[in-house]
Engineer: 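Sending over a structure as C-alpha cells; questions will come in a sec.
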Amino acid sequence: MAGSNTPAILLRRIEFGDFDLIVTLFTLAQGKTSAIAKSAKKSVRRFPGVLEPFSQLEVVLTQGKRKGMPVLQEASLENPFFKIRENIIKTAYASYWSEIIYLWMAEGEPHENLYRLTHHVLTELNRGEIPVEVLSILFQMRFLTIAGFRPNFEHCHACKTRLDQIRHRSVISDPSKGGIACPSCAGIAGDQLRISKGTLKQLAWTDNGDLERAARVRFTPLAITEGLAFLEAFVPYHIGKTPKSLKVLRAVRNTIHARKKRSHA
Ligand SMILES: [Zn+2]
C-alpha cells in the first residue's frame, strides 16, 4: 500500500472504540490531518509509545476507503520531547499552542512556516534554556503574523496618533480593532487591558529576523506579564474560540506563582 511520508507533530489523540485511536497530526506536507491509528490502543508493537502529545514523528498515511478518514500506517519517533511531558508548566504551554493550531487550521492545508515555528518552540521548550513565557510570546506573535492577524502597534486605531507620539506611558489593547487605542480614544470602560509602550516594542522585536535571535530578546518581568495578558486575549479573539487549555494554563501558572510567593515570604 503506497502511502505518503511526512514529518508530523501530534496535536491530540482520542480513543475510538476498543482498539483504535484517532490522532490529529500537524504534518509538514498536508497541514492538519486527522487519521485513524488502528489497534493503537491494544498493540504496543504497532506504535510502541510513539503516539504521545507533542511528539515529533515521521509518519506514513494512506487514504481511507471511499473517502474515509486517512489511516496512519506507520509512525516513527523523531523526538519524544519527553522533558515537556514530565513538567506541568511546559505541558500547559505546549497544550495551549497545540490547541491554537488545532482550532485555527483547516484540514489538509499545508503551513510550512507554522510547522517550522511549532517545531522550533517545542524544541526550545524541551531544551529548557529559554524561559517558557518568552517562548509563548514568540509563538503567539509569529502565529498572529502567519495567520494574517498581526497586531497593529504602530498607531492608535482611532485617531492614528503614532505610538511614540502618544503622551501616555500605556495604551489600551483592542483586539476587535486589531491593535491598540490611545487612552483618550479608548474612553473609560472598566475592564480595559492596559499595555505599556515599552512592552509593545519588546513584542514587536520577536516578530523580526530569525527565530533563534528572536527567542533571545530580553524581556522585563513587566513585559512578560503584560505581553502574555495581551496575547492570550488577542489570539483567542482572532481564532474565534477560547482554547480550553488556556484556562488550565492560567490555573497552573497561578498555582506556581502562589507557591513561589509563599516560599519567598
Ligand atoms: Zn487615539
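In each ligand, atom 1 is the first atom listed, and ligand 1 is the first ligand listed. Everything quoted here is computed from the prediction, not taken from an experiment. Nothing fancy with the numbering, it's 1 onward along the sequence.
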Engineer: Starting from the Zn ion (ligand 1), count all protein N, O or S atoms within a radius below 2.8 Å.
Structural biologist: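 Number of qualifying protein atoms: 4.
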
Engineer: Does the side chain of Q56 reach to within under 4.5 Å of the side chain of F81, using non-hydrogen atoms?
Structural biologist: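 When only atoms from C-beta onward are counted, F81 and Q56 do touch, with a gap below 4.5 Å.
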
Engineer: I need the single residue from D20, L72, L21, V23 that forms a side-chain contact (heavy atoms from CB on, under 4.5 Å) with I36. Which is it?
Structural biologist: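 For I36, the side-chain contact (heavy atoms from CB on, under 4.5 Å) test succeeds with only one of D20, L72, L21, V23, which is D20.
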
Engineer: In terms of the angle between their ring planes, are F143 and W104 parallel, tilted or perpendicular, with boundaries placed at 30° and 60°?
Structural biologist: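 Taking W104 first and then F143, their aromatic rings stand perpendicular (interplane angle over 60°).
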
Engineer: Check whether Q192 reaches the backbone of A186 with its side chain - one donor and one acceptor, N or O, closer than 3.5 Å.
Structural biologist: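 Looks like yes, one N/O pair under 3.5 Å.
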
Engineer: Between F54 and R85, is there a cation-pi geometry (under 6.0 Å to ring centre, at most 45° from the normal)?
Structural biologist: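 Pair R85/F54 does not count as cation-pi.
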
Engineer: Rounded to the nearest 0.5 Å, how far apart are CG of N5 and CD of Q73?
Structural biologist: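 Reported value, rounded in 0.5 Å steps: 11.5 Å.
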
